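None of these values were measured; they are calculated from a predicted model. Remember, it's 1-based here, ligands and their atoms both numbered in the order they're listed.
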Amino acid sequence: MAEVSAMRDRKILLGVAGGVAAFKAAYLARRLIEAGAQVSVVMTKGATKFVGEQTFRAITRRPVITDLFGAELVSPHTELAAWCDAIVVAPATANLISKVANGQSGDALSATILATDRPVILAPAMHTEMWEQPSTVRNIDMLTMDGRIIVGPVSGPLAGGDSGAGRMVEPEEIMRTIAGLFPETMAGVRLLVTAGGTREAIDPVRYIGNRSSGKMGYAIASEAADRGADVVLITAASLPVPPSVRVVQVESAEEMAEATWGMAESIDVAIMAAAVADFRPVDPAETKLARTDGPPEIVLEETPNVLRGLVERAGDPVKVVGFAAETGSIERAFHKAATYGVDLLVANDVSEQGSGFGTETNRVTFITPDGDAEPLPQMSKAEVASHLMDRVEALLREAADGNLPS
Ligand code: CTP
């Protein structure tokens, strides 16, 4: 089902206001969790009269916020507003709609909405008279102008025993609206990512390695999977596997080369984010080298170049992104971009603070083979991954446009 992959790993803040339809919000929370989303619930005081917060806590396995001054988070509205990818309010009562339309923030839910820059979906539920009041009509118009997404209401039986406009749409309809926020722009794209620092054996215990943590490659794999790509991660690191990503665990440059080259003909995109050793011991010892034997002399030889081998094996349509870890200046990266046969090179200065190995952030420059450079400010590795996937999508679109019959 399309919503399942669109929702995977998304952070959804579910706001529940005080209406009878609040019971349907519990089902919505469960459907979101089943679809792989992370769900945090914020309830108004009124909502707790209809459904117990314990219900949502059990479904989401997360604390439920009902009070701006609760003990769970120091500043729940700002923390949740920054945490989530989208806010969904179901049911949205006339009162809550009025508060949001007018920028009020007197309770945890309206304050969170006021504090966020993420998309907000509201699913109104109220009696027909309330829905048709000029004040409600005005508020809905204002919300729409503000870019809020209104889903429903529909006509049908209402809580008072009557029937008419004002009934909340069914959770499945809300699910579809949420999924629409996260279009699967890379659906059907087969994407390979290499990640981590390889280890080249000296003996069964020791190796030559490097400081790469693998975080950048994992962030790329995660972002591509979120966009619906079919992702294989060939990794020498051992971090938690992002959802829906297939992992091939390797250790040395040789193993990474074999795994990568074996897929050269069954991928559309390769992102070479691994820090591959350039040299390895010629003849690793079969047993542990003993200190008592004195300092060993380790003779090195070149490792296979995973990137170059892939470019040779992959057909022209395969888009290849290389990385260049430089120290001091990224000047050398321009030469790499022009000569490595890549479609794009991601350069960073790993000696700079907050950029490169082991850090949570990175400051990269995208360089094309023609030497066009797009320097990005320092940002989280997840954000770098998002910018990179935008560039990869553009490369794929260009290629597809080029193949259109003229
Ligand atoms: N790479 C590779 N196999 C190697 C070495 C590097 O696939 N044996 C890839 C890296 O994954 C990266 C790109 O080549 O995508 C550039 O790596 P980098 O270490 O920056 O440069 P090198 O080509 O090794 O050149 P130098 O050591 O001179 O900087």
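- Asp278 OD1, 3.3 Å is the protein heavy atom nearest to atom 5 (C) of ligand 1.
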### Task
Give the C-alpha distance, both sets of side-chain angles, the deciding distance and a yes or no for salt bridge (Lys or Arg N to Asp or Glu O under 4.0 Å) between Glu265 and Arg313.
CA-CA 7 Å; Glu265 285 170 12; Arg313 287 166 177 81; over 6 Å; no
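- Residue, atom and distance of the protein heavy atom nearest to atom 12 (C) of ligand 1 are Phe323 O, 2.9 Å.
- Every atom of ligand 1 is numbered from 1 in the order shown, and the set under 4.0 Å from a heavy atom of Ala324 is 20 (O).
- Each of the following atoms of ligand 1 lies closer than 4.0 Å to a heavy atom of Gly322: 15 (O).
- Salt-bridge check for Arg190 with Asp230: failed, with every basic side-chain N at 4.0 Å or more from each acidic carboxylate O.
- Heavy atoms of Thr194 stay at 4.0 angstrom or farther from ligand 1.
- Heavy-atom separations between Ala275 and ligand 1 are all 4.0 Å or longer.
- Using a cut-off of 4.0 Å between Lys/Arg side-chain N and Asp/Glu carboxylate O, Arg30 and Glu34 are scored as salt-bridged.
- Considering both main-chain and side-chain atoms, Tyr340 comes within under 3.5 Å of ligand 1 through a nitrogen or oxygen pair.
- Closest to atom 10 (C) of ligand 1, if we only count protein heavy atoms, is Ala274 O, 3.5 Å.
- Using a cut-off of 4.0 Å between Lys/Arg side-chain N and Asp/Glu carboxylate O, Glu360 and Lys215 are scored as salt-bridged.
- Closest to atom 8 (N) of ligand 1, if we only count protein heavy atoms, is Pro304 O, 3.2 Å.
- Remark: side-chain polar atoms of Asn210 are paired, donor with acceptor, to backbone N or O of Ser212 under 3.5 angstrom.
- Within the 4.0 Å heavy-atom shell around ligand 1 one does not find Ala253.
- Among protein heavy atoms, atom 26 (P) of ligand 1 sits closest to Arg332 NH2, 3.6 Å.
- When only interatomic distances are considered, the shortest N/O to N/O separation between Val306 and ligand 1 falls below 3.5 Å.
- A salt bridge does not link Asp293 with Lys288: every distance from a Lys NZ or Arg NE/NH1/NH2 to an Asp or Glu carboxylate oxygen is 4.0 Å or more.
- Nearest protein heavy-atom contact of atom 7 (O) of ligand 1 is Leu307 N, 2.7 Å.
- Residue-ligand proximity: Ala277 is placed with a non-hydrogen atom under 4.0 Å from ligand 1.
- One finds a salt bridge joining Glu301 and Arg280 here, because a Lys/Arg side-chain nitrogen approaches an Asp/Glu carboxylate oxygen to under 4.0 Å.
- With respect to atom 20 (O) of ligand 1, the closest heavy atom belonging to the protein is Lys336 NZ, 2.9 Å.
- For Ser252 and Tyr207, the side-chain atoms include no donor-acceptor pair closer than 3.5 Å.
- Side-chain atoms of Thr194 come within 3.5 Å of backbone N or O of Ala273 as a donor-acceptor pair.
- Ionic pairing of Arg308 and Glu312 is not present here: no N-O contact between side-chain nitrogen and carboxylate oxygen is shorter than 4.0 angstrom.
- For ligand 1, the atoms lying closer than 4.0 Å to a non-hydrogen atom of Thr303 are 8 (N).
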